Participant: 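Pasting a structure here, questions to come.
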Amino acid sequence: MADAHRDIQPVHYTAESKQWLPGPSQDRAGEHMPSFIHVVSWNVDCMRPEPDLRLDAALSYIQHQVFKCRTNRRRPEPCSILLQGVLTTAFNTILNNKWVQNFFVVIPSTTDAWPKLARYGTVTLLSRSLRITKSTTIHFSCSESQHHAIFVDVKLSGLLDIAQAPASSKSVVTLRIANTHLDPLPDGAPIREKQLKLVADALIQDGLFGGVVGGDFNAVSLNDSELVESVGLWDAWSGDDEGGFTWGYQPPSPLTPGRLDKLVYTPRPGFFVDTPKKIAVGKKYGQLTRRRWISDHYALLTKVQCVYFASDASDCDPSDHGHIQQGLREQRNIETCSLDHPLVSHSPPRSKYIIPLHPGTNSRSRRKPWKRLLRMKSSSPSVEHHFDGTRTH
């Protein structure tokens, strides 16, 4: 079973029984299927003392400052919270969190789903407003640190205006969200390549509209800068590497700071991933006279949206993925612009938009649906959501 996908059990909390029960129970926030999802990724640090207090502070920060949920009864927007470095001894801190109990499905249900000798692992929290269809894990046989990956499939509406046009079976798409922690140290680069290739292969499969993976990539060697594209994925970060550094400042490290944490995705037409924002910068917990860092890592926040075009779907075959990816890569730095989603609530100024190419056709003949999208004007006022403002280093 090495490197094979294993089914893992999600759990949801019921107030009636005051227990966590198996299964991805959905708590529908409204009659419409969400068309987007926010993704938070954070290594909460397995090395420092007081893991329970730090993990509780991390969840409180995400609740109150990222999603602006002032009480435990306030529902967040559709989201996935990807945690790495969760100690086995701190796992129950997640299950005991009232906000998590009210609004999230937790995957896995127990640390028994991690590799046998693992002292820490990854945990994925999914909004109960999302429809979960599958959850699996891979235990990396090549890992010297007992690392693994978690995969969750969720259904999203591929329609921009879900309020006016109910989702049909064709416009409902499947997004696969992966959460991973790759092996550390400079000499672990060949192992990281094998691990990320396993993750990439799981994200590029028939039946999926797209895939996104967040986590601690431990990108500490020169070879790591080319690793993402070498396995067929794209890095959602745009800009210089130093501007995206997520480790080395909390506290200041004698080692070189780096962009250890990443959000990457499968390139394909209609799949949008916003440039990640660094959050949890400078965040501490504890008494005023005894403040400590929540984690030595910054967290990342992005938004993912799938846009389904029936005219494109009829022409696009899963086997064309490699050709589409090649065409997209050729255009990556010359034909990008900001996509202002007209009918959704959050449009950061640096949303990533790439015009798709189709193999064997003139690129301009394929752009009409996308040009229409860019020309669309909002028919209703947009709602702005202000996330916690942070400084970059």
Side-chain angles (χ1 to χ4, degrees), residues 1 3-10 23-24 26 32-37 39 78 80 82 105 107-108 124 126-127 129-138 148-160 162 165-180 195-215 228 231-234 236 263-273 302-328 354 356-359 366 369:
M1 289 292 288
D3 296 331
H5 278 262
R6 312 159 188 242
D7 291 335
I8 53 175
Q9 185 74 267
Q26 279 79 43
H32 301 297
M33 181 176 291
S35 63
F36 67 92
I37 181 173
V39 179
S80 176
L82 313 179
V105 171
I107 306 168
T124 296
L126 261 295
S127 297
S129 58
L130 294 165
R131 180 185 169 193
I132 301 171
T133 60
K134 188 177 183 180
S135 54
T136 61
T137 185
I138 289 180
H148 57 283
I150 292 174
F151 304 87
V152 184
D153 292 1
V154 299
K155 294 292 187 181
L156 293 178
S157 170
L159 301 176
L160 280 174
I162 59 174
S168 66
S169 59
K170 290 185 178 180
S171 65
V172 173
V173 299
T174 301
L175 169 68
R176 179 164 290 173
I177 304 169
N179 180 7
T180 194
Q195 293 169 346
L196 191 58
K197 182 65 167 61
L198 288 169
V199 173
D201 289 346
L203 298 182
I204 306 172
Q205 290 186 355
D206 292 353
L208 299 176
F209 190 89
V212 60
V213 52
V228 171
V231 298
L233 301 175
W234 269 9
L263 285 158
V264 306
Y265 65 100
T266 55
R268 64 146 293 156
F271 190 45
F272 300 101
V273 180
T302 191
K303 177 185 172 184
V304 176
Q305 182 162 20
C306 305
V307 182
Y308 172 87
F309 290 102
S311 58
D312 284 345
S314 61
D315 297 324
C316 192
D317 187 88
S319 62
D320 290 333
H321 178 87
H323 300 285
I324 296 173
Q325 177 178 303
Q326 180 181 356
L328 287 168
I354 303 174
L357 286 176
H358 193 273
R366 301 290 305 163

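Please read these numbers as outputs of a predicted model, since none were measured by experiment.
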Participant: Out of curiosity, F271 CZ to L208 CG, how far, rounded to the nearest 0.5 Å?
Facilitator: 9.5 Å

Participant: Quick one, N179 and V213 - any side-chain contact, counting heavy atoms below 4.5 Å?
Facilitator: no

Participant: Considering only heavy atoms from C-beta outward, does the side chain of V212 approach that of V264 to under 4.5 Å?
Facilitator: no

Participant: Any side-chain to backbone donor/acceptor pair from T137 onto R6? Under 3.5 Å, distance only.
Facilitator: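 A pair under 3.5 Å: no.
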
Participant: Check for a donor-acceptor pair, side chain of S157 on one end and backbone N or O of L159 on the other, with a separation under 3.5 Å.
Facilitator: yes

Participant: Determine, stepwise, if the pair I107 / I150 fulfils side chain to side chain contact (heavy atoms under 4.5 Å, CB included).
Facilitator: CA-CA 8 Å; I107 306 168; I150 292 174; 4.0 Å; yes

Participant: Between S80 and V152, is there a side-chain heavy-atom distance shorter than 4.5 Å?
Facilitator: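 Heavy-atom side-chain distance check fails, nothing below 4.5 Å.
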
Participant: Tell me the closest heavy-atom pair linking A236 and V273, and the distance in Å.
Facilitator: CB-CG1, 3.8 Å

Participant: Would you indicate whether the side-chain heavy atoms of T174 and K155 approach each other to under 4.5 Å?
Facilitator: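 Yes, at least one pair of side-chain atoms sits under 4.5 Å.
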
Participant: Specify the closest pair of heavy atoms between A178 and V199, including all atoms of both residues, with the distance to one decimal.
Facilitator: CB-CG1, 4.1 Å

Participant: Looking at CG of L198 and CG of D3, how far apart are the two atoms once the value is rounded to the nearest 0.5 Å?
Facilitator: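 CG of D3 is found 4.5 Å from CG of L198.
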
Participant: Which heavy atom of I8 sits nearest to which heavy atom of P108, and what is that distance?
Facilitator: CD1-CB, 4.3 Å

Participant: On a heavy-atom basis, which atom in L233 and which in L196 lie closest, and how many Å separate them?
Facilitator: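 Taking every non-hydrogen atom into account, CD1-CD1, 4.4 Å.
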
Participant: Could you work out, with side-chain hydrogen bond (donor to acceptor under 3.5 Å, both in side chains) as the rule, every residue matching Q205, not counting sequence neighbours?
Facilitator: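 Residues passing side-chain hydrogen bond (donor to acceptor under 3.5 Å, both in side chains) with Q205: R176.
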
Participant: Do L130 and I37 have side chains that approach each other closer than 4.5 Å (heavy atoms only, starting at C-beta)?
Facilitator: yes

Participant: Over all heavy atoms of both residues, which pair between G232 and P267 is shortest? Give the atoms and the distance, please.
Facilitator: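 Closest pair (atom of G232, atom of P267, distance): O-CD, 3.6 Å.
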
Participant: Do L126 and T124 have side chains that get closer than 4.5 Å, going by heavy atoms?
Facilitator: yes

Participant: Restricting to non-hydrogen atoms, name the atom on F209 and the atom on G270 that form the minimum distance, rounded to 0.1 Å.
Facilitator: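 Smallest interatomic distance, heavy atoms only, reads CE2-O, 3.5 Å.
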
Participant: Do the ring planes of H5 and F151 sit parallel (below 30°), tilted (30 to 60°) or perpendicular (above 60°)?
Facilitator: tilted

Participant: Rounded at 0.5 Å granularity, tell me how far CD1 in I138 sits from NE2 in H148.
Facilitator: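 Spacing of CD1 (I138) from NE2 (H148) equals 11.0 Å.
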
Participant: For D7, is there any backbone N or O sitting under 3.5 Å from a side-chain donor or acceptor partner on T136?
Facilitator: no

Participant: From Y265 OH over to F272 CZ, what is the distance, rounded to the nearest 0.5 angstrom?
Facilitator: 10.0 Å

Participant: Is any side-chain heavy atom of V105 closer than 4.5 Å to one of I132?
Facilitator: yes

Participant: Using side-chain heavy atoms (C-beta onward) and a distance below 4.5 Å, is I177 in contact with L82?
Facilitator: yes

